[in-house]
Amino acid sequence: MRRLPGIAFAAALTLAAPAPVWQAPPYGMAASVTPLREAFTLAAREYGVPERVLLAVSYMESRWDANRGLPSVAGGYGPMHLVDGRAVTTGGHRDAEGDPRGDESRPYRVMVRDVAPTPPEDTLRRAAELTGTAPEVLRTDPAANVRAGAALLADHHRRLGGGAGWYAAVAHYPGRGETGAGRAFADAVYATMRTGATRVTDTGERIVLPPTPGLAPAETGTPALRRMPGAVTPDCPREISCEWIPAAYRRTKNGGHGNHDRYDGRRQIDYIVIHDGETSYDAMTRLVKDPDYLSWHYTVRSADGYVAQHLRCDDIGWHAGNWYFNSRSIGIEHEGYLAKGAWFTEAMYQASARLVAYLAGRYDIPLDRAHILGHDNVPGTTPQTVRGMHQDPGPYWDWAHYFELLGHPLTAARNQDARSVIIRPDYAVNQPYFTGCASSGDCLPRSAASVWLHSAPSEEAPLVRDVGRHPDDDSTYSVYDHAARASTGQRYALAGREGDWTAIWYLGQKAWFHDPADAPVSVPASGRLVTPKPGRSPVRLYGRAYPEASAYPRGVSAQQVVPLQYSLPAGQFYSLGLTTRSSYLRSAATATVRHRVVRGDARYRQIQFGHRVMFVRAADVQVVSS
């Protein structure tokens, strides 16, 4: 098994980003004139909270960002993530659209369920009571928000009996009840104090939390939080708090079975798929227990990074909409929304990164964007399914920070003349235009990990076309439309440069993005490329690497090898992610002994063809060095 370096949390915490362009007050209300760093000092003094504790709690929730007064994916506001319990809505899971199993040989229709919300603790209004400040001010004024967070911590400390230590108060701060979750959050806060942190916030202010090496919690007892029993020990790294909440597995009324496939043995796992759930943690952990619904392996909570496991990793979840990827992946859902919430908490990022690094080490999965995929990178199975494939976690997921936490930062190649580039805008300052976040149309400017791709080196040029997603119309600037977007960490072959613009090969065409030398959004990258062999162009693209018909034994129906509506012309190059022998896993409902892996002689190469990965036959292309 490949050895992986330890997760680089200490290094990631100390990275300082360049000062962002936007320095306006939070959206919708004038902010306090008090600088945020001074607000921490004043609030700590007023409520008797150690300043380093207040700073570390805030870092774990928001990384000290104000986020324009917009809520997190879990309804938390401001640097202290004060949760508005009244803002929780009902919700089905966005994956309920389409066929999550993605296997036309056994189509599956999800019985959509809306679930009544279980409101989280309303820490926003509790903080408002403690400080005498209106909730609407706490949502939009960072200094007032910090003061309220200090009051809330002090209130927990007092209620728990006071004393010199703050561990139990910190464990209670996220407003969730599980003992392990509180302890894991408090441990992460204390780890942040030990390592220190330095960062430029989204208001342009540089904040430093000096390291305190050797710091240990004063309390040794368990915080007085309720315990959540689990029937099975979950498969999680020791550093995170994890609970077993099993997905449903039984025959259904229509003669099928739900909501996943069990696998007897250890299956081949090549991918980890990152999702956002488009609903709350509470809703997802209830929906996964419905046999008429769908399934995934883990759910990560926003406020504190608590994790629930629903499937054994060797069982097959129905989450990616493509059976080939489902049968070779682990699916991780994250509480929240692609566009409804503005940001994901640091607690969620860190817990998720620890989980992914652990699973990658166990299953020998490379930590790169060819193997750690967003749901929006999974291809359609046939031309008919391409248009309906999902878009989560979307442009607001901070892939650069995520890979820093994984210990594999997205660094530039030493060879500045490399023939490919990795997309890597500065997340803090990259605020592209989007529509579709609300009924009003335009989205508010906010940090994002994507760049727009144009048909010519000009902002006025149309966006590039995606014949699969938009067969009859043009690509749009919708936050839900990835047809003309490249995302952080994705590697593309260089197709040209002109002034401040860079071109890449994308969906069979040149795609241009603004990439000025004084504020680059890409870095040179090494790695192999593929191009059509002489006489083989145009090369067809596929959404799965299925075997040839002759490979299927008697009793196993041959799966059609259906090309997508894309083609790779001669003279173009695309980054190679992996090479694999063709295979198909035949599942036989609840009889796991009848499962069968069919392996063919055909080999496929996975390439970054557009926003999504796709496959080409190895026989049709040649591999060249970058």
Side-chain angles (χ1 to χ4, degrees), residues 94 97-98 321 338-339 369 373-380 382-397 399 421 423 425 430-446 448-496 498 500-515 521-522 538 541 543 564-569 572 574-575 607-614:
R94 193 171 185 83
E97 303 166 10
L338 187 154
R369 289 286 271 119
L373 303 175
H375 193 178
D376 54 348
N377 305 135
V378 176
T382 64
Q384 292 72 32
T385 64
V386 166
R387 194 171 189 179
M389 295 299 287
H390 292 193
Q391 306 88 16
D392 58 293
Y396 300 127
W397 183 264
W399 284 106
V421 295
I423 304 299
N430 186 53
Q431 298 187 359
Y433 170 73
F434 289 108
T435 64
C437 289
S439 57
S440 58
D442 293 355
C443 302
L444 295 175
R446 65 185 80 165
S450 296
V451 298
W452 289 114
L453 302 174
H454 297 263
S455 57
S458 168
E459 295 285 0
E460 305 303 319
L463 298 173
V464 294
R465 289 287 309 277
D466 182 340
V467 297
R469 185 161 178 81
H470 295 284
D472 302 314
D473 53 10
D474 296 328
S475 302
T476 73
Y477 286 94
S478 169
V479 71
Y480 295 103
D481 187 357
H482 58 261
R485 291 207 306 258
S487 181
T488 294
Q490 293 177 324
R491 183 169 67 91
Y492 296 93
L494 185 65
E498 187 172 319
D500 288 341
W501 289 77
T502 296
I504 56 176
W505 294 116
Y506 184 94
L507 294 176
Q509 61 204 297
K510 271 190 178 181
W512 295 86
F513 58 92
H514 192 233
D515 192 25
V521 299
S522 73
L541 278 296
L564 303 177
Q565 54 268 73
Y566 305 101
S567 61
L568 195 169
Q572 294 187 10
Y574 291 85
S575 66
I607 64 173
Q608 188 69 58
F609 190 64
H611 189 81
R612 299 182 186 274
V613 299
M614 299 181 199

State, to 0.1 Å, how close [X] and [Y] come at their nearest heavy-atom pair, and which atoms those are.
| X | Y | value |
| --- | --- | --- |
| Arg485 | Leu453 | C-CD1, 3.9 Å |
| Tyr477 | His454 | OH-CE1, 3.4 Å |
| Trp505 | Lys510 | CZ3-CG, 3.5 Å |
| Pro395 | Val479 | CG-CG2, 3.7 Å |
| Pro393 | Asp376 | CD-OD1, 3.8 Å |
| Arg446 | Cys437 | NH2-SG, 4.2 Å |

Test side-chain contact (heavy atoms from CB on, under 4.5 Å) applied to Ile504 and Trp512, step by step: CA-CA 7 Å; Ile504 56 176; Trp512 295 86; over 6 Å; no
To the nearest 0.5 Å, how far apart are [atom1] in [X] and [atom2] in [Y]?
| X | Y | atom1 | atom2 | result |
| --- | --- | --- | --- | --- |
| Asp474 | Ser455 | CG | OG | 9.5 Å |
| Met614 | Leu568 | CE | CG | 10.5 Å |
| Asp481 | Gln391 | CG | CD | 8.0 Å |

Donor-acceptor contact below 3.5 Å, side chain [X] vs main chain [Y]:
| X | Y | value |
| --- | --- | --- |
| Asp466 | Gly468 | yes |
| Tyr492 | Ala486 | no |
| Tyr566 | Phe609 | no |
| Gln572 | Pro569 | no |
| Arg491 | Ser575 | no |
| Asp515 | Ser522 | yes |
| Asn377 | His611 | yes |
| Ser567 | Pro538 | no |
| Gln509 | Arg465 | yes |
| Gln608 | Gly610 | yes |

Within the structure provided, determine whether [X] and [Y] are in side-chain contact (heavy-atom separation under 4.5 Å).
| X | Y | value |
| --- | --- | --- |
| Leu541 | Ile607 | yes |
| His514 | Glu459 | yes |
| Pro471 | Arg387 | yes |

For Arg612, salt bridge (Lys or Arg N to Asp or Glu O under 4.0 Å) partners two or more places apart: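 By the salt bridge (Lys or Arg N to Asp or Glu O under 4.0 Å) rule, Arg612 matches no residue at all.
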Pair Trp452 and Phe434, ring centroids less than 6.0 Å apart: yes
Side chains of Ser458 and Glu460, donor plus acceptor under 3.5 Å: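 No - no donor-acceptor pair under 3.5 Å links their side chains.
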Between Thr435 and Asp442, a side-chain donor and acceptor under 3.5 Å: no
Verdict with supporting geometry, Ser450 and Trp397, side-chain contact (heavy atoms from CB on, under 4.5 Å): CA-CA 9 Å; Ser450 296; Trp397 183 264; over 6 Å; no
